[in-house]
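Let me begin by presenting the structure, written as structure tokens, before commenting on it.
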Amino acid sequence: MNTEFRIEKDSMGELQVPADALYGAQTQRAINNFPISGLVLPPAFIKTVALIKQTAAKANIQLGVLDSTRGEAIIQAAEQIIQGKHAEQFPVDIFQTGSGTSTNMNVNEVLAHLASESCPEAVGANDHVNMGQSSNDVIPTAIHVSTAIECQRQLLPALDHLAETLEAKAIACRDYTKTGRTHLMDAMPMTLEQELGAWAQQIRNGIARVSGALPRVQKLAQGGTAVGTGINAHPEFAALFADTMTEVTGIAFSPNESFFESLSCQDAIVELSGQLKTIAVSLMKIANDLRWMNSGPLAGLGEIELTALQPGSSIMPGKVNPVIPEATAMVAAQVIGNDATITIAGQSGTFQLNVMLPVIAYNILQSIEIISQVSISLADKAIADFTVREDNLQEALARNPILVTALNPIIGYAKAAKIAKSAYKQGRPIIDVAEEMTDIPRGELEKILEPKHLAAGGVN
């Protein structure tokens with residue numbers, strides 16, 4: 001007798017399943033059919049599907065369509081998954097059936113197995129755990145609920161932490177004036193506070209963008225069942241489900257006004273992914289600015305010095321690299337790529353069902369996760385503790401010929417251009433050349449060309 005396997009049965013017949021597996025035949029068929037990437041849906045998603053099953057059981061008990069004995073067993077079994085137990089029982093590849101049916105049945109089978117262990121009555125994966133549901137509304141609901149939860153609990157707090165860190169560092173750097181740059185070329189002076197303040201505003205805008213998209217993510221497909229009509233679901237199920245989910249999570253969920261829209265497209269997630277892409281672009285800009293400002297320390301700009309975190313070379317002793325900005329830039333690249341995948345997948349709603357749901361789920365949750373984590377690292381390991389190289393800032397300012405711009409209203413653009421070119425050619429401070437080429441007293445020039453004054457803008 002083979003003790004390594006047991007025989008499970010589904011509508012297609014019998015199948016060998018590992019003896020210690022909590023799942024059944026449909027999960028095993030998916031394992032056999034999709035040995036593609038080894039990538040599985042993240043724990044946040046599996047826990048959310050279990051939460052959906054738990055919430056559905058509560059609603060169905062209250063509506064009188066599921067007996068409380070089986071229902072309570074399902075609720076308790078689902079709680080084990082929500083708490084992170086049995087994670088190894090969800091091995092289905094993300095590249096599977098486009099509806100995510102394999103993952104829905106994987107969770108159904110595991111919960112049915114666990115519930116049956118504590119229930120005097122047999123608990124069925126389809127008849128009881130999946131009661132009033134379809135993969136076609138469970139998986140879109142799981143995408144929306146898991147995304148909303150991760151945004152509220154992880155992404156928005158991380159972005160807020162980054163913005164606060166930038167704002168605090170900007171205030172700490174308000175007395176440092178530096179050479180501004182456009183086209184990577186010397187431009188008019190500005191303060192470090194102004195530069196970091198712009199970064200902080202980018203992140204604040206990103207927070208607003210995500211917050212603006214979430215209300216549409218919080219509209220749920222659950223209750224639409226197979227095609228959006230709600231077949232086999234109690235008429236009050238959708239509203240009760242959303243209310244219960246709201247009570248459990250503290251997030252305001254509601255049934256979508258059109259279940260047909262919920263099943264046939266993933267526009268709300270495509271929209272949110274676009275906002276995450278925008279945040280990624282912001283992070284890439286900030287990371288690259290930090291890398292440039294930290295460059296050197298001798299042959300680069302050397303305006304700031306990032307904290308040394310690890311050796312930077314296996315062959316060059318003493319070399320230290322800007323590792324956190326580099327990691328941030330790679331996260332940004334990944335999120336931008338994820339958005340392209342989600343965009344293409346979002347187009348794959350044919351008639352009444354989108355058929356790229358698992359890859360949408362994987363990519364949107366990965367984007368949220370890595371943006372959240374790298375934002376905290378960027379704040380704590382790069383922004384909060386970098387030091388300012390004021391000596392380099394002042395040296396560059398003293399030789400910046402573009403300061404002559406402040407003389408435009410007094411001597412005109414053409415005359416100012418001659419002074420700038422002469423100062424640059426001779427490698428001399430602009431104030432010395434301006435004193436020679438104009439009749440403006442030096443004391444007046446010192447007031448007009450003072451960098452801190454110029455950083456305030458306006459007309460002299």
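Along the sequence shown, the residues carry numbers beginning at 1.
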Practice problem: Apply side chain to side chain contact (heavy atoms under 4.5 Å, CB included) to Ile324 and Thr328, showing your working. | Solution: CA-CA 6 Å; Ile324 299 300; Thr328 302; 4.2 Å; yes
Quiz item: Any idea which heavy atoms bring Leu41 and Ile94 closest together, and the distance?
Solution: N-CG2, 3.6 Å
Quiz item: Do Thr249 and Ile149 come close enough that some side-chain heavy atom pair is under 4.5 Å?
Solution: yes
Exercise. State, with a plain yes or no, whether a side-chain heavy atom of Pro325 is found less than 4.5 Å away from one of Leu306.
Key: yes
Quiz item: Counting only heavy atoms not in Gln62, do more than 12 fall under 6.0 Å of its CD?
Solution: no
Quiz item: Where do Gln266 and His144 land on the side chain to side chain contact (heavy atoms under 4.5 Å, CB included) test, with the steps shown first?
Solution: CA-CA 9 Å; Gln266 280 289 298; His144 279 224; 4.0 Å; yes
Self-check item: Side-chain heavy atoms of Gln89 within contact of His113, under 4.5 Å
Solution: no
All N/O donor-acceptor pairs, side-chain side in residues 53-60, below 3.5 Å, sequence neighbours left out:
{"unit_1": "Lys53", "atom_1": "NZ", "unit_2": "Asn104", "atom_2": "OD1", "d": "2.7"}
{"unit_1": "Lys53", "atom_1": "NZ", "unit_2": "Asn108", "atom_2": "OD1", "d": "2.9"}
{"unit_1": "Lys53", "atom_1": "NZ", "unit_2": "Asn130", "atom_2": "OD1", "d": "3.0"}
{"unit_1": "Lys53", "atom_1": "NZ", "unit_2": "Gln133", "atom_2": "OE1", "d": "2.9"}
{"unit_1": "Gln54", "atom_1": "NE2", "unit_2": "Ile75", "atom_2": "O", "d": "3.1"}
{"unit_1": "Gln54", "atom_1": "NE2", "unit_2": "Glu79", "atom_2": "OE1", "d": "3.0"}
{"unit_1": "Thr55", "atom_1": "OG1", "unit_2": "Leu51", "atom_2": "O", "d": "2.7"}
{"unit_1": "Asn60", "atom_1": "ND2", "unit_2": "Ala56", "atom_2": "O", "d": "3.2"}
{"unit_1": "Asn60", "atom_1": "ND2", "unit_2": "Met131", "atom_2": "O", "d": "3.2"}

Quiz prompt | Side-chain heavy atoms of Cys151 within contact of Leu214, under 4.5 Å | solution = yes
Quiz item: Just how far is it from atom CE of Met293 to atom CG of Leu301, taken to the nearest 0.5 Å?
Solution: 8.5 Å
Exercise. Looking only at non-hydrogen atoms, find the nearest pair between Asn136 and Ala226 and report the distance.
Key: ND2-O, 2.8 Å
Exercise. Specify the closest pair of heavy atoms between Tyr23 and Ile31, including all atoms of both residues, with the distance to one decimal.
Key: OH-CD1, 3.5 Å
Quiz item: Which pairs, with at least one residue in residues 207-246 and sequence neighbours excluded, count as a ring pair (Phe, Tyr, Trp, His ring centres under 6.0 Å)?
Solution: Phe237-Phe241
Practice problem: Sequence neighbours left out, what pairs pass side chain to side chain donor-acceptor pair (under 3.5 Å) with at least one residue falling in residues 345-355? | Solution: none
Quiz item: Can you tell which of Asn106, Val110, Thr103, Ile82 makes a side-chain contact (heavy atoms from CB on, under 4.5 Å) with Ile46?
Solution: Thr103
Quiz item: Backbone N or O of Gly24 within a donor-acceptor pair of the Glu8 side chain at under 3.5 Å?
Solution: no
Quiz item: Has Glu117 got more than 12 heavy atoms of other residues, nucleotides or ligands less than 6.0 Å from its CD?
Solution: yes
Quiz item: Can you find a side-chain donor-acceptor pair between Gln76 and Ser118 that sits under 3.5 Å?
Solution: no
Quiz item: Would you say the side-chain atoms of Asn363 pair up with the backbone N or O of Ala340, donor to acceptor, closer than 3.5 Å?
Solution: no
Practice problem: Give the minimum heavy-atom separation between Gln26 and Glu109, together with the two atoms involved. | Solution: N-OE2, 3.0 Å
Got a list of side-chain donor-acceptor pairs under 3.5 Å for residues 381-388, not counting sequence neighbours?
{"unit_1": "Asp385", "atom_1": "OD1", "unit_2": "Thr307", "atom_2": "OG1", "d": "3.3"}
{"unit_1": "Asp385", "atom_1": "OD2", "unit_2": "Thr307", "atom_2": "OG1", "d": "3.0"}
{"unit_1": "Thr387", "atom_1": "OG1", "unit_2": "Glu305", "atom_2": "O", "d": "3.4"}

Self-check item: Distance in Å, Ile360 CD1 paired with Asn338 CG, rounded so as to fall on 0.5 Å steps
Solution: 12.0 Å
Exercise. Only pairs at least two apart or in different chains count here, so list each ring pair (Phe, Tyr, Trp, His ring centres under 6.0 Å) that has a residue in residues 321-376.
Key: none
Quiz prompt | Option passing side-chain hydrogen bond (donor to acceptor under 3.5 Å, both in side chains) with Lys178 (candidates Gln194, Glu195, Glu390) | solution = Glu195
Quiz item: Is the side chain of His128 donor-acceptor paired with the backbone N or O of Leu66 at a distance under 3.5 Å, no angle test?
Solution: no
Quiz item: Regarding Glu326 and Asn321, is there a side-chain donor-to-acceptor distance under 3.5 Å anywhere?
Solution: no
Exercise. Look only at the side chain of Asn33 and the backbone of Arg29, and say whether a donor-acceptor pair between them is shorter than 3.5 Å.
Key: yes
Quiz item: Counting distance only, does the side-chain N/O of Arg6 pair as donor-acceptor with the main-chain N or O of Val17 below 3.5 Å?
Solution: no
Exercise. With the side chain counted from C-beta on, respond yes when Val210 and Leu272 share a heavy-atom pair under 4.5 Å apart, and no when they do not.
Key: yes
Quiz item: Which distance, rounded to the nearest 0.5 Å, do you find between the CD1 of Ile371 and the CD1 of Ile279?
Solution: 5.5 Å
Side-chain polar contacts of residues 154-164 - donor-acceptor pairs under 3.5 angstrom, sequence neighbours left out - could you list them?
{"unit_1": "Gln154", "atom_1": "OE1", "unit_2": "Gln373", "atom_2": "NE2", "d": "3.0"}
{"unit_1": "Gln154", "atom_1": "NE2", "unit_2": "Glu150", "atom_2": "OE1", "d": "2.9"}
{"unit_1": "Gln154", "atom_1": "NE2", "unit_2": "Glu369", "atom_2": "OE1", "d": "3.3"}
{"unit_1": "Asp160", "atom_1": "OD1", "unit_2": "Arg204", "atom_2": "NH1", "d": "2.6"}
{"unit_1": "His161", "atom_1": "NE2", "unit_2": "Asp380", "atom_2": "OD1", "d": "2.7"}

Quiz prompt | Close side-chain approach of Gln201 and Asn205, heavy atoms under 4.5 Å | solution = yes
Exercise. In sequence, state the C-alpha distance, the side-chain angles, and the governing distance for Leu111 and Val123, and then conclude on side chain to side chain contact (heavy atoms under 4.5 Å, CB included).
Key: CA-CA 9 Å; Leu111 293 183; Val123 178; over 6 Å; no
Quiz item: Does a sphere of radius 6.0 Å around NZ in Lys169 hold more than 12 heavy atoms from other residues, nucleotides or ligands, not counting ones at 6.0 Å or beyond?
Solution: yes
Quiz item: Would you say Gln202 and Leu166 make side-chain contact, with heavy atoms under 4.5 Å?
Solution: no
Self-check item: Minimum heavy-atom distance between Asn392 and Gly302, given as atom pair plus value
Solution: ND2-O, 2.9 Å
Practice problem: Check Ala221 against Phe259 and note the closest heavy-atom contact, atom names and distance. | Solution: O-CD2, 3.4 Å
Practice problem: Could you tell me whether the side chain of Ser135 and the main chain of Ser99 form a donor-acceptor pair under 3.5 Å? | Solution: no
Quiz item: Just how far is it from atom CD of Glu193 to atom CG of Asp175, taken to the nearest 0.5 Å?
Solution: 8.5 Å
Quiz item: Any donor and acceptor pair, going by atom type alone, linking the side chain of Asp93 with main-chain N or O of Gly38 inside 3.5 Å?
Solution: yes
Quiz item: Taking atom CG of Leu39 and atom CZ of Phe34, what is their separation to the nearest 0.5 Å?
Solution: 14.5 Å
Practice problem: List the steps, then state whether side chain to side chain contact (heavy atoms under 4.5 Å, CB included) holds for Trp199 with Leu290. | Solution: CA-CA 11 Å; Trp199 299 347; Leu290 284 167; 3.8 Å; yes
Quiz item: Is there side-chain contact between Thr69 and Cys119, with heavy atoms separated by less than 4.5 Å?
Solution: yes
Quiz item: Just by modelled atom types, is the Lys219 backbone N or O under 3.5 Å from a matching donor or acceptor in the Ser254 side chain?
Solution: no
Quiz prompt | Backbone of Trp292 reached by a side-chain donor or acceptor of Ser295 within 3.5 Å | solution = yes
Quiz prompt | Test item: Asp137 side-chain N/O and Thr225 main-chain N/O as donor-acceptor pair under 3.5 Å | solution = yes
Self-check item: Asp10 side, atom CG; Leu15 side, atom CG - distance, nearest 0.5 Å
Solution: 7.0 Å
